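Quick note: numbers below take in every heavy atom, side chains included, and nothing from hydrogens, waters or symmetry partners. Not measured: the values here are computed from a predicted model.
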Amino acid sequence: MRARLNPQSLPRLPDAVARPAYERGRVTPGIVHLGIGAFHRAHQAAVTDLAMAVSGDLSWGIVGVSLRSPDTRDALAPQHGLYTLALRDAGADGQPREQLRVIGSLLEVLVAPENPGAVLERIAHPQIRIVSLTVTEKGYSLEPATGQLRWDDPDIRHDLAHPARPRSAIGMLARGLALRRERGLGPLTLLSCDNLHANGDTLRRLVLAYALLQDAGLAAWIDGNCTFPNSMVDRIVPRTREEDCARVSERLGVDDAWPVVGESYLNWVIEDRFAAGRPAWDAAAGVSFVRRAAPYERLKLRMVNGPHSAFAYLGAMLGLRTNSEAAATPALRGYVDDMLRLEVAPTLRGVPQATLDEYRQRFLARVANPALPHLTQQIAMDGSQKVPQRLLAVIRDRLRRGEDFSRLALAVAAWLHYLRGRDEQGQAYAIQDPLAGALEELLARADAAAASASPGRAAHRRALVLAGYKPVFGNLAGQPAFVDALAEHLERLRTLGVLGTLAALERDAAEQPAPAD
């Protein structure tokens, strides 16, 4: 039986495995991170590890917080927070190349449901200067179409009634900040690293709205003492599989219960607005501090996240397991390439065309990486939270200018078609979405409306009901061009399947008159 990865086993690791280049016993906590999943451990924790090694400032250790499951704590506690980051890319010969690095910046993991008070005490500790988050879009308890706090969210309602035992990220932050205020502690930076439009501004709006309902003085204190930088993170990080654990452990010569796998590419852009200092994160390649993150965020949401979702929904319906398989399907790759080139890129005004072309080509190469199997079902999760900012925002831009958005509309139709829970091979799958129950009822109402309509109007009636779901679509139900495009694509997906729909879309494009010079 192999030994476990831990501080004592570090000196015995193979020379090719990088390890913390600092005295780990001297590291003190400076960051509390909510949402201690693979994405955080593959970017922020890894970059913090490097920043401490380069700068020598060891006051930025991370206290991780799991908001739901104890799995990460249980796996990493025996390893004293150590874990391996495995960066995988395909070589010129198509074979995977893998670099291993043991990360030492994670000091402990708390499980919020077991002891919310311990989490609050960490947020309110004098040494903590940054609280960061990767809780996914659904973790912000917001309505996707408006970006406002959902006061009917069960966790928010619980936290308002029981503020000392919060369940939601927003409730936890507000209570932790209230304790800091009561104790006369200094300012704090709250840093969202999630794929949200204006994530820092959004987090600020939600926290202030929640705090204001409880205590106007607290809201004023937060407004005067806390900063909320916007940021954008781009790195593909699939879910760790059993075979990843086995492969990494074999290479280490010791067992790592929960390594993280990701691509070597990293682009992390952060607004340099920190209330109480920050690590030297820009010591890492691919990390930069800027005055405004909005242009970078917009580029990533539209040129990476949107097409990721399109690949996932259409690929999943074809029965494809990973996005790399989807990207290797010529009809799918060609469709996504055209969507980016013809419909998405023109909305990114001010970005040079050469930059957009390079960005598009690099994205297609990254998603096709066979060494990094990113599951279509993983990417397809929580579509109600993702589709509005990844796809609907771009459609609105195209609609305002009277420009074609047929490929974008197909991606939205693919999500709605995916929600039926069965692929084209007849295999059923579960829908994982915070609005899953409401979406199931929505589909039933749409089918009933179609069944009661005349044959020639059935598809339109179905689309009209679906587009009328305001938590996701907002006012798009009032846009006839959008409803018509959605109706056509949904009917084609239902009758022709994915490949038939893509072929029909290509025929439509070929029949369009060439634009005037």
Side-chain angles (χ1 to χ4, degrees), residues 31-45 62-73 109-114 116 119-120 122-123 130-160 163 165-177 190-211 228-233 237 239 297 301 305 309 378-390 431-438 471-472:
I31 300 170
V32 169
H33 184 82
L34 306 184
I36 189 71
F39 188 59
H40 165 75
R41 294 196 288 135
H43 90 275
Q44 185 183 345
I62 298 171
V63 177
V65 177
S66 173
L67 298 178
R68 294 287 182 259
S69 166
D71 292 354
T72 300
R73 189 271 316 274
V109 177
L110 305 176
V111 182
E114 293 180 1
V119 178
L120 298 174
R122 280 301 192 181
I123 294 174
I130 296 173
V131 177
S132 51
L133 303 86
T134 49
V135 295
T136 74
E137 295 91 341
K138 66 183 175 185
Y140 290 80
S141 306
L142 54 75
E143 184 176 86
T146 65
Q148 301 302 314
L149 191 63
R150 286 183 55 214
W151 298 107
D152 63 343
D153 179 278
D155 287 343
I156 294 294
R157 293 173 63 181
H158 170 276
D159 294 354
L160 289 171
R165 301 193 305 277
R167 294 176 181 171
S168 72
I170 301 302
M172 206 162 291
L173 292 175
R175 181 60 179 171
L177 293 173
L190 291 92
L191 176 65
S192 170
C193 298
D194 282 299
N195 290 322
L196 288 173
H197 169 62
N199 53 13
D201 296 338
T202 298
L203 179 61
R204 177 181 179 274
R205 181 173 66 250
L206 299 175
V207 169
L208 287 177
Y210 183 96
F228 296 79
N230 295 300
S231 71
M232 181 279 292
V233 190
V237 183
R239 185 176 292 134
E297 168 224 292
L301 278 172
N305 296 127
S309 292
Q378 180 187 356
I379 302 164
M381 290 172 56
D382 305 333
S384 68
Q385 315 297 299
K386 297 173 179 177
V387 164
Q389 57 191 340
R390 297 183 179 193
I431 300 301
Q432 300 183 57
D433 193 291
L435 300 180
V472 171

Peer 1: Is there a side-chain contact between Leu120 and Pro166 (heavy atoms, below 4.5 Å)?
Peer 2: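 A side-chain contact exists here, since the closest heavy-atom pair is under 4.5 Å.
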
Peer 1: Tell me whether Gln148 contacts the main-chain N or O of Glu143 through its side chain, where contact means a donor paired with an acceptor under 3.5 Å.
Peer 2: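 Flag not set: sc Gln148 to bb Glu143 has no pair under 3.5 Å.
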
Peer 1: To check you understand the geometry: which heavy-atom pair defines the closest contact between Pro144 and Pro471, and what is its length?
Peer 2: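 Here Pro144 and Pro471 meet closest at CD-O, 3.4 Å.
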
Peer 1: Do Leu206 and Leu173 come within less than 4.5 Å of each other through their side chains, counting heavy atoms only?
Peer 2: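 Side-chain contact under 4.5 Å: no.
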
Peer 1: Got a donor-acceptor contact below 3.5 angstrom from the Arg122 side chain to the Leu110 backbone?
Peer 2: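 It does not hold such a pair.
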
Peer 1: Any side-chain heavy atom of Leu190 sitting closer than 4.5 Å to one from Leu177?
Peer 2: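 A side-chain contact under 4.5 Å exists here.
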
Peer 1: For the residue pair Ala45 and Ile62, what are the closest heavy atoms and their distance?
Peer 2: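 In terms of heavy atoms, the two residues are closest at CA-CD1, 3.7 Å.
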
Peer 1: Is the number of heavy atoms from other residues, nucleotides or ligands under 6.0 Å of Arg150 CZ greater than 12?
Peer 2: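 Atom CZ in Arg150 is crowded, with more than 12 foreign heavy atoms closer than 6.0 Å.
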
Peer 1: So, Thr134 versus His33: side-chain donor-acceptor pair below 3.5 Å or not?
Peer 2: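 Yes, side-chain donor-acceptor contact under 3.5 Å.
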
Peer 1: Rounded to the nearest 0.5 Å, how far apart are CG of Asn195 and CG of Asn305?
Peer 2: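 Between Asn195 CG and Asn305 CG, I get 4.0 Å after rounding to 0.5 Å.
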
Peer 1: Please name the pair of heavy atoms, one in Ala169 and one in Gly139, separated by the smallest distance, quoted to 0.1 Å.
Peer 2: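 So the minimum-distance heavy-atom pair works out to CB-O, 3.7 Å.
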
Peer 1: Is any side-chain heavy atom of Pro70 closer than 4.5 Å to a side-chain heavy atom of Glu114?
Peer 2: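 In contact.
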
Peer 1: Determine the sole option in Val131, Leu67, Val135, Asp159 for which the side-chain contact (heavy atoms from CB on, under 4.5 Å) test with Met172 is passed.
Peer 2: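 Among Val131, Leu67, Val135, Asp159, the one meeting side-chain contact (heavy atoms from CB on, under 4.5 Å) with Met172 is Leu67.
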
Peer 1: Of all the heavy-atom pairs spanning Gln44 and Cys193, show the shortest one and how long it is.
Peer 2: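 Where Gln44 meets Cys193 most closely, the heavy atoms are OE1-SG, 3.8 Å.
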
Peer 1: Could you check if a side-chain atom of Glu137 sits within less than 4.5 angstrom of a side-chain atom of Asp194, using non-hydrogen atoms only?
Peer 2: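 The answer is no; the side chains never approach within 4.5 Å.
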
Peer 1: Considering residues, nucleotides and ligands other than Arg157, do more than 12 of their heavy atoms fall under 6.0 Å from its CZ?
Peer 2: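 Not buried by this count: 12 neighbours or fewer within 6.0 Å.
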
Peer 1: In Å, rounded to the nearest 0.5 Å, how long is the span from CD1 of Ile170 to CG of Leu160?
Peer 2: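 That separation rounds to 11.5 Å.
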
Peer 1: Measure up the His40 and His43 rings against each other and bin them: parallel (under 30°), tilted (30 to 60°), perpendicular (over 60°).
Peer 2: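 Because their plane-to-plane angle is over 60°, the rings of His40 and His43 count as perpendicular.
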
Peer 1: Measuring from Asp382:CG to Ile379:CD1, what's the distance to the nearest 0.5 Å?
Peer 2: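 Nearest 0.5 Å value for the CG-CD1 distance: 12.5 Å.
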
Peer 1: Does either side chain, that of Thr136 or that of Gln385, offer a donor lying less than 3.5 Å from an acceptor on the other one?
Peer 2: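 Result is no, nothing qualifies.
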
Peer 1: Going through the checks in order, is the side-chain contact (heavy atoms from CB on, under 4.5 Å) test met by Ser309 and Val387?
Peer 2: CA-CA 8 Å; Ser309 292; Val387 164; 5.8 Å; no

Peer 1: Which distance, rounded to the nearest 0.5 Å, do you find between the CG of Leu34 and the CG of Leu133?
Peer 2: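 Between Leu34 CG and Leu133 CG, I get 4.5 Å after rounding to 0.5 Å.
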
Peer 1: Rounded to the nearest 0.5 Å, what separates atom CG in Leu191 from atom CG in Leu203?
Peer 2: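 Atom-to-atom, Leu191:CG and Leu203:CG are 9.0 Å apart.
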
Peer 1: I need the minimum non-hydrogen distance between Ala198 and Asn230, along with the two atoms involved.
Peer 2: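 Between these two residues, the closest heavy atoms are C-OD1, 3.2 Å.
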
Peer 1: Output yes when a side-chain donor or acceptor of Asn199 lies under 3.5 Å from a complementary backbone atom of Ser231, and no otherwise.
Peer 2: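 Confirmed, Asn199 side chain pairs with Ser231 backbone.
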
Peer 1: So for atom NE2, which belongs to His158, do other residues, nucleotides or ligands contribute more than 12 heavy atoms lying within a distance under 6.0 Å?
Peer 2: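 Yes, NE2 of His158 has more than 12 neighbouring heavy atoms, counting only those of other groups under 6.0 Å.
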
Peer 1: Using every non-hydrogen atom in the two residues, find where Ser141 and Ser168 come nearest and quote the distance to one decimal.
Peer 2: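 In terms of heavy atoms, the two residues are closest at OG-CB, 4.3 Å.
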
Peer 1: Any salt bridge between Asp155 and Lys138, counting N to O under 4.0 Å?
Peer 2: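 Looking at Lys138 together with Asp155, the answer is no, because their closest N to O distance does not fall below 4.0 Å.
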
Peer 1: Within this structure, what is the CZ-NE2 distance for the pair Arg390 and His197, rounded to the nearest 0.5 Å?
Peer 2: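 With rounding to 0.5 Å, CZ (Arg390) is 15.0 Å from NE2 (His197).
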
Peer 1: Strictly by modelled atom types, are Ser192 and Tyr140 linked by a side-chain donor-acceptor pair under 3.5 Å?
Peer 2: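 Yes, side-chain donor-acceptor contact under 3.5 Å.
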
